[in-house]
Amino acid sequence: YAGDTVELFMAFITDDGKLNYQRTLSVETKMNEKEIVLEYSDWDTINDKSENPVLWRTECQPENLIEKFDEFIKWNKNWC
């Protein structure tokens with residue numbers, strides 16, 4: 001159904017302040033299921049476009065979003 005999913009992409013910011021769209025954190029909200037999916041992709045880590053660039057993925061309820069985001073930051077210390 002239209003409008004059932006909202007997705008936000010956050011791009012990695014390099015040391016010189018530029019956006020790197022090769023590294024993204026996707027935050028997807030499934031309205032009907034009241035579930036949030038966080039997915040980190042890094043296209044720089046693959047050699048072939050047919051490979052899966054997803055390096056980290058988790059699902060949670062809205063009330064656990066901050067906890068899961070903290071887990072991502074601890075896993076990928078280079079993000080911030």
Worksheet item: So with a 6.0 Å cut-off around CG of D15, is the heavy-atom count from everything else above 12?
Response: no
Worksheet item: Is there a path of hydrophobic side-chain contacts, each under 4.5 Å between heavy atoms of I, L, V, M, F, W or Y residues, that connects M10 with I73?
Response: yes
Worksheet entry | Common cluster, F69/V27, ILVMFWY with side-chain heavy-atom separation under 4.5 Å | yes
Discussion item. To the closest 0.5 Å, what do you measure between CG (L19) and OG1 (T14)?
Written reply: 8.0 Å
Discussion item. Are N20 and D44 packed together at the side-chain level, in the sense that at least one heavy-atom pair is separated by less than 4.5 angstrom?
Written reply: yes
Discussion item. Is it the case that the side chain of E67 and the backbone of N64 share a donor-acceptor pair, with hydrogens and angles ignored and the cut-off at 3.5 Å?
Written reply: no
Response to the item:
Interatomic distance, CZ@R23 vs CD1@I13, rounded to 0.5 Å, equals 12.5 Å
Worksheet entry | Aromatic ring pairing F72/Y40, orientation class (parallel under 30°, perpendicular over 60°, tilted between) | tilted
Fill in: Separation between CD of E28 and CD1 of I36, rounded to the nearest 0.5 Å
10.5 Å
Discussion item. I want to know whether W43 and Y21 have ring centres closer than 6.0 Å.
Written reply: no
Fill in: Spacing of OG1 belonging to T29 relative to NZ belonging to K34, to within rounding of 0.5 Å
12.5 Å
Worksheet, complete the sentence: In terms of heavy-atom contacts, E59 and R57 come closest through OE2-NH1, 2.7 Å
Worksheet item: Does any non-hydrogen side-chain atom of W56 lie less than 4.5 Å from one of L38?
Response: yes
Discussion item. Could you see if I46 belongs to whatever hydrophobic cluster contains L25? Use Ile, Leu, Val, Met, Phe, Trp, Tyr and a side-chain cutoff under 4.5 Å.
Written reply: no
Discussion item. Assigning hydrophobic clusters by single linkage (Ile, Leu, Val, Met, Phe, Trp, Tyr; side-chain heavy-atom cutoff under 4.5 Å), is W75 placed with V54?
Written reply: no
Worksheet item: Would you call S41 and T24 a side-chain contact if the rule is heavy atoms closer than 4.5 Å?
Response: yes
Discussion item. Donor-acceptor pair, distance only, cut-off 3.5 Å: does the side chain of K68 make one with the backbone of L65?
Written reply: no
